[in-house]
2 protein chains.
Amino acid sequence: MKMPPLHQEFVLHFGEMGSRWGINRTVGQIYALLFLSAEALNADQITEALGISRSNTSMGLKELQAWRLVRLKHVPGDRKDHFTTPDDLWEIVRILIDERKKREIDPTLSKLRALEMQGPVGDDYSEARISELREMIEMMTGFYEDMARLDTEKLVRLMTYGSRIAGLIDKVGGYLPASRG
Amino acid sequence: MKMPPLHQEFVLHFGEMGSRWGINRTVGQIYALLFLSAEALNADQITEALGISRSNTSMGLKELQAWRLVRLKHVPGDRKDHFTTPDDLWEIVRILIDERKKREIDPTLSKLRALEMQGPVGDDYSEARISELREMIEMMTGFYEDMARLDTEKLVRLMTYGSRIAGLIDKVGGYLPASRG
DNA sequence: CTGGGATTTCAGAAATTACTGAAACTCTCG
DNA sequence: CGAGAGTTTCAGTAATTTCTGAAATCCCAG
């Protein structure tokens, strides 16, 4: 693995964290490498920098593309495909949350709805628990979807605003409809 | 695995989702079982319901306790330890986010800070990319910590309010300090 | 067409992670 | 103190996941 020390440490860290993030070591490393790289890299460059097999690189890139975390970029005069990460970090965060939601939450939400559809087949407690869980997930994903709709500038303002937002709602809350349509 | 069909389906689903959530199958199943259970269960009941080994149950419960997702509950007149999940779903969500933050984000934030401390050891692009990433993570975790401080009632109000919150900030934003801290 | 570079697929090997049963330990009650 | 129920640890095994090299496929320039 030959690259500047900073890159090296960063790449190794992402590799280690990979398993906690639900991706494997090499996928984490490939992402880290591309993230720090000013220019797009081709698969052979990645293979060499990380000291892994060419096929492993190919699979890693495929997975990162499935996550929409890396993009293909054509370099004129080069037949090879080159890869980059989006420049805009906010975009990366949105993609990450969307994809995790899709993989980790949506299937469970569907399952909960399906279970409720079956009608009363359990004891009261478990039925109630399942409904409550579904409602909570719907509220949280609904909120996220609302936030994701905001443009970056507004989002930054909101986050910087922090918990004072709550006071704001207290103040004006009475004059506004209590729930979303 | 003998339990009502509703429980069974729910438990199996949590087992399957486990790997996506960064826990293993049995840990997911144990959690699901306790979640639906009106009364606290002891380790033997869990072992029998899920058809796994007693030691596996013990390890699963230990991991769930490390996540603070299950609690010990003493049942009078019974020497065995009994386990439950918190009743309040909001509390569960807070715990989940806190713990995931601790495992998935905090180590990276530390690493980024450490890398920046080393002074200028990389190219300009990668240095900038790392700072930018650290700042973004700090903003998001800061916002989360602010939100976590709110009581449930305010939080529900805020989430229900959704994206209209942004308009609210637009309206009063000028009269308030631009940043926290 | 077709020759050859570029990429992907895939079956098996390697590495990692999960699970089990047996043994060790802990705690409490008599 | 010490018997025994209850729990945890741990070493070995099973299952799963990741990685590799070879073969197959793709695709464009000539």
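Predicted, not measured: the structure shown is a model, and the values here were computed from it. Computation of the quantities below employed the complete heavy-atom set of this structure, encompassing side-chain atoms and omitting hydrogens, waters and symmetry-equivalent molecules. Lettering follows sequence order; numbering is per chain, from 1.
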Problem - Neighbour count >12 (heavy atoms, 6.0 Å) for atom NZ, K62(A) - result: no

Handout entry: Closest non-hydrogen atom pair between L34(B) and F83(B), with its separation
Key = CD2-O, 3.4 Å

For a quick test of your reading: what N or O donor-acceptor pairs under 3.5 Å do the side chains of residues 13-20 of chain B make, sequence neighbours left out?
from, atom 1, to, atom 2, distance (Å)
H13(B), NE2, T108(A), OG1, 2.8
R20(B), NH1, R103(A), O, 3.0

Handout entry: Where chain A begins and ends its contact with DNA chain D, read 5' to 3' at 4.0 Å from heavy atoms
Key = dT18(D) to dG21(D)

Practice task
List the protein contact pattern of nucleotides 15-30 of chain C with one symbol per nucleotide (5' to 3'): B for base contact, S for sugar-phosphate-only contact, - for none; contact means a heavy-atom distance under 4.0 Å.
Solution key: -S-SSBB-----B---

Problem - More than 12 heavy atoms from other groups under 6.0 Å of CZ on R129(B) - result: yes

For residues 45-54 of chain A, which side-chain N or O atoms pair as donor and acceptor with protein atoms under 3.5 Å away, sequence neighbours left out?
from, atom 1, to, atom 2, distance (Å)
Q45(A), OE1, N42(A), N, 2.8
T47(A), OG1, A43(A), O, 2.7
T47(A), OG1, T57(A), OG1, 2.9
E48(A), OE2, K2(A), NZ, 3.2
S53(A), OG, S55(A), OG, 3.3
S53(A), OG, N56(A), N, 3.1
R54(A), NE, D44(A), OD1, 3.2

Exercise for the section: Could you identify which residues of residues 38-49 of chain A place a heavy atom less than 4.0 Å from some atom of DNA chain D, listed by residue number, or say none? Expected result: none

Problem - Nearest-0.5 Å distance, OG1 of residue T160(A) to CE of residue M139(B) - result: 3.5 Å

Practice task
Determine the minimum heavy-atom distance between E127(B) and V121(B), stating which atoms define it.
Solution key: OE2-N, 2.8 Å

Fill in the blank from the handout: Taken to the nearest whole Å, CG/L61(A) to C1'/dA6(C) is 13 Å

Problem - Atom pair CD1/CD of I30(A) and E63(A) - distance to nearest 0.5 Å - result: 9.0 Å

Practice task
With sequence neighbours left out, write down each residue that passes side-chain contact (heavy atoms from CB on, under 4.5 Å) with L150(B), or none if nothing qualifies.
Solution key: S163(A), A166(A), M147(B), K154(B), L155(B), L158(B)

Exercise for the section: Round to a whole Å and report the spacing from NZ of K80(A) to P of dG4(C). Expected result: 17 Å

Problem - Atom CG of D78(B) with >12 non-hydrogen neighbours under 6.0 angstrom - result: yes

